[in-house]
Enquirer: 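Sharing a structure below in structure tokens format, with a few things to ask.
Atoms within each ligand, like the ligands themselves, are counted from 1 in listed order. Atom set for the values below is all heavy atoms of this structure, side chains included, hydrogens, waters and symmetry mates excluded.
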Amino acid sequence: MTEAAKFVLGDKNAELQLRHGTIGPDVVDIASLYKNTGLFTYDPGFTSTASCESKITYIDGDEGVLLHRGYSIDQLAERGDFLETCYLLLYGELPTAHEKEDFVYRVTRHTMVHEQMSRFYTGFRRDAHPMAVMVGSVGALSAFYHDSTDITDPHQRMVASIRMIAKTPTLAAMAYKYHIGQPFVYPRNDLTYAENFLHMCFAVPCEPYHINATLAKAMDRIFILHADHEQNASTSTVRLAGSSGANPFACIAAGIACLWGPAHGGANEAALNMLGEIGTKDRIPEFIARAKDKNDPFRLMGFGHRVYKNYDPRAKIMQQTCHEVLDELGIRDDPLLEVAMELEHIALNDEYFVEKKLYPNVDFYSGITLKALGFPTEMFTVLFAVARTVGWIAQWNEMIEDPQQRIGRPRQLYTGAPRRDYLGIDQRG
Ligand code: SDX
């Protein structure tokens, strides 16, 4: 006997099935509500709405816990590496040594992009925001692989998935090189994923580029921290785009476009710009007051989260990584870090932030770390997109394989004009 919730409103009633997950809140299946009552539910921000069933990632917002296929983010970040996390997200299990070797081989040998792509970049202004270039270049991959992406064929879906994971770092590095007017650097098969990315971004033809193992490990860990995060705005965008049958490259381009917003992935760039605007510790109270002022649209970037009502576990690891990178580079007393740590201390003890459960999120310390690694602020969200590609593609695959999958088509509460007849222009006014 499955449990049901009884919905009664006047003469309208419906029995709505209750469904239980492995962990986390139960859900009330409302799919039959409109048919049985003529009513819609209304939840524009999806604050109480599950859009799908998933086995990939689980977040406990109150406890500040993030699990990928049941494994906690701190264990994955401390003991694994990014490509192992990619395998886990895609296939559902940690790889054996052989499985990992094969996966790394496959990803490594898909890192090159079609040579025509380099000409595609020359259409952009050099000062174009690299996220605009990423939306364009990833979407353009459809033109190179669209005819081989039969999304009903699991093999072709996995080839497309490997291609996306392998090629986004190359496209991102090309966007950076084009932005700064330096020549593109081809991927190298003898480097790890993170080493290869740093090499493609920072190597120049005039001298050898030396991989710093500590910085490469930090880069790899930053990729792990950003890999997937349940049904966030950009992942939901990818799922909705994919629900129409669009090819995966176009869907990932849609996800990149959504991630760009400052309320989402663009917050890392905005958070560093905010720390720069604050400048010194003595100006922090002024910005805290602005963040609390309902008449001021200013928000503390890198703070708050729809799900986390406790410390974002990724932010803790990011803060530790930030200190490791600054120590390795011999950067002492970074003024931005000083401001960030004081801002965090003040905010966490301010009743407004405590009452609203606003804590630092993954974007709060990432900007300082990425700046220290040598990236300009306009590249920060691009790096987030590189890492999140595996999460988007894993969720896209899961959606395509879901037997209940159908095109996403929300309804609405209409509050516009009632039906009325057309008036000729001489009858108006
Ligand atoms: C990411 O969803 C994900 O999982 C996203 C992500 C991922 O990995 O995919 O985790 C990545 O996007 C992290 C979030 C990055 N964004 C920022 O750091 C931007 C600043 N944060 C806010 O814009 C906000 O906290 C959001 C967008 C993150 C969450 O917004 P919600 O859930 O819609 O919350 P809300 O806007 O309704 O805020 C609740 C209250 C409001 O006050 P009241 O209207 O109730 O009086 O808290 C206040 C807000 O004004 N508030 C803030 C605040 N965030 C929320 N006040 C000041 N500063 C902030 N940062």
Side-chain angles (χ1 to χ4, degrees), residues 43-51 54 56-62 64-68 73 77 85 89 131 222-239 255-275 278 284 286-318 340 343-344 346-348 350-368 380-381 383-392 394-395:
D43 183 12
F46 297 104
T47 51
S48 303
T49 298
S51 61
S54 181
I56 299 173
T57 292
Y58 176 72
I59 301 170
D60 183 330
D62 294 328
V65 169
L66 169 57
L67 305 178
H68 290 317
I73 190 66
T85 299
L89 290 169
M131 278 298 278
I222 290 168
F223 285 147
I224 295 172
L225 295 179
H226 290 81
D228 191 51
H229 214 237
E230 283 191 4
Q231 306 312 316
N232 57 84
S234 54
T235 298
S236 301
T237 301
V238 171
R239 278 181 171 260
I256 293 173
C258 177
L259 185 75
W260 195 359
H264 190 15
N268 53 18
E269 177 179 356
L272 196 86
N273 290 337
M274 175 192 73
L275 292 173
I278 294 172
I284 290 174
E286 171 195 336
F287 284 83
I288 293 274
R290 284 188 57 194
K292 293 154 69 170
D293 178 356
K294 285 293 157 226
N295 300 316
D296 188 332
F298 173 79
R299 288 196 165 179
L300 280 187
M301 302 316 283
F303 263 80
H305 199 276
R306 172 60 58 76
V307 179
Y308 289 123
K309 300 309 171 189
N310 198 322
Y311 215 100
D312 182 337
R314 303 168 298 175
K316 283 197 182 109
I317 302 167
M318 182 58 73
L343 175 60
E344 177 189 1
I346 294 174
L348 294 185
D350 181 291
E351 63 183 31
Y352 172 90
F353 293 89
V354 172
E355 185 257 326
K356 293 185 186 299
K357 298 185 178 179
L358 300 174
Y359 291 85
N361 58 52
V362 68
D363 294 307
F364 188 62
Y365 284 103
S366 59
I368 300 168
F380 292 0
T381 311
L383 303 186
F384 195 148
V386 169
R388 186 53 58 88
T389 293
V390 64
W392 288 331
Q395 300 265 356

Enquirer: If the criterion is any heavy atom closer than 4.0 Å to an atom of ligand 1, which residues make the list?
Expert: H229, N232, P262, A263, H264, A267, A291, K294, R299, L300, M301, G302, F303, G304, H305, R306, R314, Y352, K356, L358, N361, D363, F384, R388
Enquirer: How long is the span from the OH atom in Y365 to the CG atom in D312, to the nearest 0.5 Å?
Expert: 12.0 Å
Enquirer: Applying side chain to side chain donor-acceptor pair (under 3.5 Å) between Q395 and each of T235, N232, D228, report the one that passes.
Expert: D228
Enquirer: Look at the rings of F303 and F364 and say which category their plane angle falls in: under 30° parallel, 30 to 60° tilted, over 60° perpendicular.
Expert: perpendicular
Enquirer: At what distance, to the nearest 0.5 angstrom, does OG1 of T237 lie from CD of Q231?
Expert: 11.0 Å
Enquirer: Using the salt bridge (charged side-chain N to carboxylate O under 4.0 Å, His left out) criterion, which residues pair with E286? Sequence neighbours excluded.
Expert: R283
Enquirer: Is it true that F287 and F298 have ring centroids separated by less than 6.0 Å?
Expert: yes
